[in-house]
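Each residue takes its place number in the sequence, starting with 1.
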Amino acid sequence: MKLLIRNLDRSSTEDSLRALFETQGSVQSCSLVMDESSGLSKGFAFIEMPKAGEAKAAIKNLNATDFEGSTVRVKKAQ
């Protein structure tokens, strides 16, 4: 299941984001969307988790929680 994570702090990294989601289960991929001109995060990312149950748990447990100073939003990607 592919998840969309929004409202990330601009200093967040793929490694820290992957580590957060690995607390909920296995992570297949982590893709932090970057601004090409500044090289900084655009504040959102996509996480792919192969097991739907773990992905649903991640949505439930991590949505509206504090991560590196920002309240992140986690939902299923469309």
(request) Identify, with sequence neighbours excluded, every residue that meets side chain to side chain contact (heavy atoms under 4.5 Å, CB included) alongside Leu40. (result) Ser38

(request) Please examine the side chains of Ser41 and Leu32, heavy atoms only from C-beta on, and report whether any two atoms are closer than 4.5 Å. (result) yes

(request) To the nearest 0.5 Å, tell me how far Glu36 CD sits from Lys42 NZ. (result) 7.5 Å

(request) Look up atom NZ in Lys2 and atom OG in Ser29, then write down how far apart they are to the nearest 0.5 Å. (result) 7.0 Å

(message) Tell me if a side-chain donor or acceptor on Asp9 pairs with a main-chain N or O of Ser70 at a distance below 3.5 Å.
(response) no

(request) Can you measure from CD (Glu68) to CG (Leu17) and round to the nearest 0.5 angstrom? (result) 8.0 Å

(request) Check whether any side-chain heavy atom of Phe46 sits under 4.5 Å from a side-chain heavy atom of Val33, and report yes or no. (result) yes

(request) Tell me, with the steps shown, if Met49 and Met1 meet side-chain contact (heavy atoms from CB on, under 4.5 Å). (result) CA-CA 5 Å; Met49 299 182 79; Met1 181 182 288; 5.5 Å; no

(request) Check whether any side-chain N or O of Asn63 sits under 3.5 Å from a backbone N or O of Ile59 as a donor-acceptor pair, and report yes or no. (result) no

(message) Can you confirm whether the side chains of Thr13 and Asp15 place a donor and an acceptor under 3.5 Å from each other?
(response) no

(request) First locate atom CG of Leu20, then atom CD1 of Ile5, and finally report the distance between them rounded to the nearest 0.5 Å. (result) 8.5 Å

(message) Do Val72 and Arg6 make a side-chain contact, defined as non-hydrogen atoms from C-beta onward lying under 4.5 Å apart?
(response) no

(message) Suppose we screen for side-chain hydrogen bond (donor to acceptor under 3.5 Å, both in side chains). Which residues come up paired with Ser37, at least two apart in sequence or across chains?
(response) Asp35

(message) Would you say that Phe67 contacts Leu62 through its side chain, given a criterion of any heavy-atom pair below 4.5 Å between the two side chains?
(response) no

(request) With the side chain counted from C-beta on, respond yes when Gln24 and Glu54 share a heavy-atom pair under 4.5 Å apart, and no when they do not. (result) no

(request) Could you tell me whether the side chain of Cys30 reaches within less than 4.5 Å of the side chain of Phe21, counting heavy atoms only? (result) no

